[in-house]
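Below is one structure, written out as structure tokens; the observations come after it.
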There are 2 protein chains.
Amino acid sequence: MQVTLKEIAEKAGFSVTTVSRALGGFSDVNEKTRQYIMQIADDLGYQPNLIARQLRSQRTYTIGLIIPATTHNFEDDFFSVLIRGVTHTAARHQYDVLVSAQLPQANEMDAYHRIVGGNRVDGMVLARTYHDDPRIAYLRSLNHPFVVAGRSAPDQVSDFPYIDADSRVGIAELVTHFITYGHTHIGLILPPENIAFTPYRLEGYRDGLVGAGIPYRPEYVVHGDMKQRGGENAAAYLLESQPQITAIVACNDLMAIGAMRAIQGHGLRPGLDIAVGGFDDIPAAKHAAPALTTIRQPIYTIGEQLTEILIKVIANEPLEKTGILLKPELVIRESSGQPRR
Amino acid sequence: MQVTLKEIAEKAGFSVTTVSRALGGFSDVNEKTRQYIMQIADDLGYQPNLIARQLRSQRTYTIGLIIPATTHNFEDDFFSVLIRGVTHTAARHQYDVLVSAQLPQANEMDAYHRIVGGNRVDGMVLARTYHDDPRIAYLRSLNHPFVVAGRSAPDQVSDFPYIDADSRVGIAELVTHFITYGHTHIGLILPPENIAFTPYRLEGYRDGLVGAGIPYRPEYVVHGDMKQRGGENAAAYLLESQPQITAIVACNDLMAIGAMRAIQGHGLRPGLDIAVGGFDDIPAAKHAAPALTTIRQPIYTIGEQLTEILIKVIANEPLEKTGILLKPELVIRESSGQPRR
DNA sequence: GTGTGTATCCGAAACATTTCGGATCGTCTT
DNA sequence: AAGACGATCCGAAATGTTTCGGATACACAC
């Protein structure tokens, strides 16, 4: 079965302590015996029992990531890309990643209590923060290392390590882009109220309008569930109730793609009759028909950098700054249509 | 810090054993004291230390999945979708998933030795099998539970639980589809030789030709690295050296998309001048321009079913059958072009 | 009064490792 | 020759659980 230190010790004629210290490369064991012990360990095919090591040393070299229950959508690449960024960076630092999916009907905190309270990870990566996010409160109360893709809503401090796109600036740019193309009646599909970045995006929308002296009209703003279906429903509602609208800004690509579908469902052509813009630049955005104008958010890079930061936090290394705000990049594609004047 | 059984025991005035058995729901503890102990555990916010539990019980309730080093491509959805299927199904059975990325330059088996030999998981999910796959040999020698997305090459037995698409039949259908559209000079872009499913796909290609009485021409067959770039290079080579070719079958979607790019690079129109087909039906296939004709492989479902099987294997439950061969589905899109006669 | 049975509880070992605080022994200094 | 010192090794505790094999006490039957 398992080869243990004890077996090696018996075979080598040394104590378990010495074997452990030999394999650990400590200086208080004779180089000759170290070689000898390593030889035997090799011969027996010794692999340290990581569970025992973790229990004793209270370190797991593992990063936790919990996929929210709402993300059962096949097409939502956000978490997939994030996981990839995290996993590859973790591997570079000899960390593994524990991924847990939240069950749809389960209490959101259950998985966190189990994984974090159960000592299975050294740190957590959070994403998709809410207003008054209980996960952040929990992790902070435990003083457990964590980093966040996203940040708190504008009315709360984000006094934890995070990386977020500056979505206020991003959405403002997108709105301005539409305005310079001649649009004045621009609809907005927001995420649900309880998502932390929703107010930032609404502010960006208003910034864009204000910059051009266009009045803000609350009836142009609706909410969607961040999935394709939600965007479709929201856009259909806008098209019905506000037929003067010629452009729609959706707060993520999935909803934008849904909006384009709704536009087609109304016998209109996205990009020609109604301009559409999204946010994220998931792979599907480029391949959509028409290709989607969007605000690019470098998800993979965010995953990479977050992991680097998390590992520093775990190691108690000081951070230069606690939060990073990335400048988002406007990617203009066919769904913008042509300038109208 | 950590609330332990010992603390609860002291507070409740019972032994650690009784506390453990009370919380575990054993029948040899008085219902009254069980209630009492549970109350105290709740008050203290007790969360069992899973590491300690794992060490003692030699069970982790964790499934391992190692992402190969070659999959650093952002667009390769295969592993992302697989991870999602595995993770969600695992969660339904109260399992977590340990994801580890293989470093590009590292020995392939290192991660397996560490994760499996280190007792971190109860079972493994493998994907992308090779001819003479050392991972399979290793896991079998340890008698460690595992399941495989894919199977052994045709010259070896697949005497382990697996799920694979019947790629021989799939590719044959695709070739036949092209032949009925009037193509007789059909190129094939195969994966590298050491991938286990390569010979199945070659056989399928030959089956398709034989069924229509078209001779097999080895010069129409080239290899690519399964990434977009590899498909591009392979197709470029085919177009140069065999200009009579009017259709190209690529063995995965990523290479097919690359082939379409090469066709465009040669001033030809994929779907109109040269028909193209792929394999997998990753999300990008539908969104490609032109949309890609392909053989659908239900990756998410494969991940789900594999996980169900793995959990059975771990629990020592008997399996109905050891291997499942899925009938692939031909999805005809624009890259097939129109029938030519 | 003795034996049997049942309900309830607990001590101690075991899982495999790391690490603290010595112990031993030979060499060197004075 | 005594003490100091460095090199090398090791016993035992500790990490937090689970579980085996009893132990205790009480009720009941004979």
Side-chain angles (χ1 to χ4, degrees), chain A residues 1-38 40-41 44-62 113-122 142, chain B residues 1-38 40-41 44-62 113-122 142:
Chain A
M1 292 271 292
Q2 260 265 70
V3 181
T4 67
L5 288 183
K6 198 169 148 201
E7 270 179 75
I8 300 176
E10 276 160 15
K11 199 138 182 171
F14 287 95
S15 76
V16 169
T17 301
T18 301
V19 172
S20 171
R21 297 185 71 77
L23 296 177
F26 284 76
S27 64
D28 67 347
V29 21
N30 188 309
E31 182 58 22
K32 269 252 185 61
T33 75
R34 210 188 111 253
Q35 296 286 354
Y36 177 59
I37 286 173
M38 290 196 74
I40 292 183
L44 294 175
Y46 173 71
Q47 281 294 131
N49 183 316
L50 298 177
I51 303 286
R53 176 178 288 176
Q54 285 173 20
L55 177 59
R56 165 64 220 211
S57 58
Q58 304 285 65
R59 288 280 270 113
T60 63
Y61 290 94
T62 304
H113 286 140
R114 189 163 48 82
I115 305 279
V116 176
N119 278 42
R120 291 209 62 181
V121 298
D122 290 342
L142 255 68
Chain B
M1 292 269 293
Q2 261 264 74
V3 180
T4 68
L5 288 183
K6 198 168 146 201
E7 269 179 76
I8 300 176
E10 277 160 13
K11 197 136 183 173
F14 287 95
S15 77
V16 168
T17 301
T18 301
V19 172
S20 171
R21 298 186 71 78
L23 296 176
F26 285 77
S27 64
D28 67 346
V29 20
N30 188 309
E31 182 57 23
K32 270 253 185 62
T33 76
R34 211 189 109 254
Q35 296 288 355
Y36 178 59
I37 286 173
M38 291 196 72
I40 292 183
L44 295 175
Y46 173 70
Q47 281 294 131
N49 183 317
L50 298 177
I51 304 286
R53 177 179 288 176
Q54 286 173 20
L55 176 60
R56 164 65 219 215
S57 58
Q58 304 286 65
R59 289 279 269 111
T60 62
Y61 290 94
T62 304
H113 286 140
R114 188 164 46 83
I115 304 279
V116 177
N119 277 41
R120 290 210 62 181
V121 298
D122 290 342
L142 256 66

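Per chain, numbering begins at 1; letters A, B, ... match sequence-line order. As the structure is a computational prediction, the values presented were derived from the model and not from experiment.
The residue among B:S20 and A:V29 whose nearest nucleotide of DNA chain D is located toward the 5' end is A:V29. Ranked by how close their nearest DNA chain D nucleotide is to the 5' end, B:R56 and A:T33 are led by A:T33. Nearest-nucleotide mapping onto DNA chain C: of B:F14 and B:N119, the residue sitting toward the 5' end is B:F14.
A donor-acceptor contact shorter than 3.5 Å links the side chain of B:T60 to the backbone of B:D122.
Here A:D28 lies in heavy-atom contact (under 4.0 Å) with a base. In this structure, A:S57 reaches neither bases nor backbone, as no heavy-atom distance under 4.0 Å exists between it and the strands shown.
Listed by chain and residue number, B:V16, B:V19 satisfy the side chain to side chain contact (heavy atoms under 4.5 Å, CB included) test with B:A9 (two or more places apart in sequence, or in another chain).
Between the base of D:dG16 and the side chain of B:T4 there is no donor-acceptor pair shorter than 3.5 Å. The base of D:dG11 has none of its N or O atoms less than 3.5 Å from a complementary donor or acceptor on the side chain of A:S15. A:T17 contributes a side-chain N or O that forms a donor-acceptor pair with the base of D:dA12 under 3.5 Å.
The shortest non-hydrogen separation linking A:Q47 to B:H113 is NE2-O, 3.1 Å.
For the pair B:N30 CG and C:dT6 P, the interatomic distance rounds to 17 Å; values are reported in whole Å. Look at NZ on B:K6: it is 16 Å from P on D:dT18, rounded to the nearest Å.
Regarding contacts with the backbone of D:dG16, every side-chain N or O of B:Y46 stays at 4.0 angstrom or more from both OP1 and OP2.
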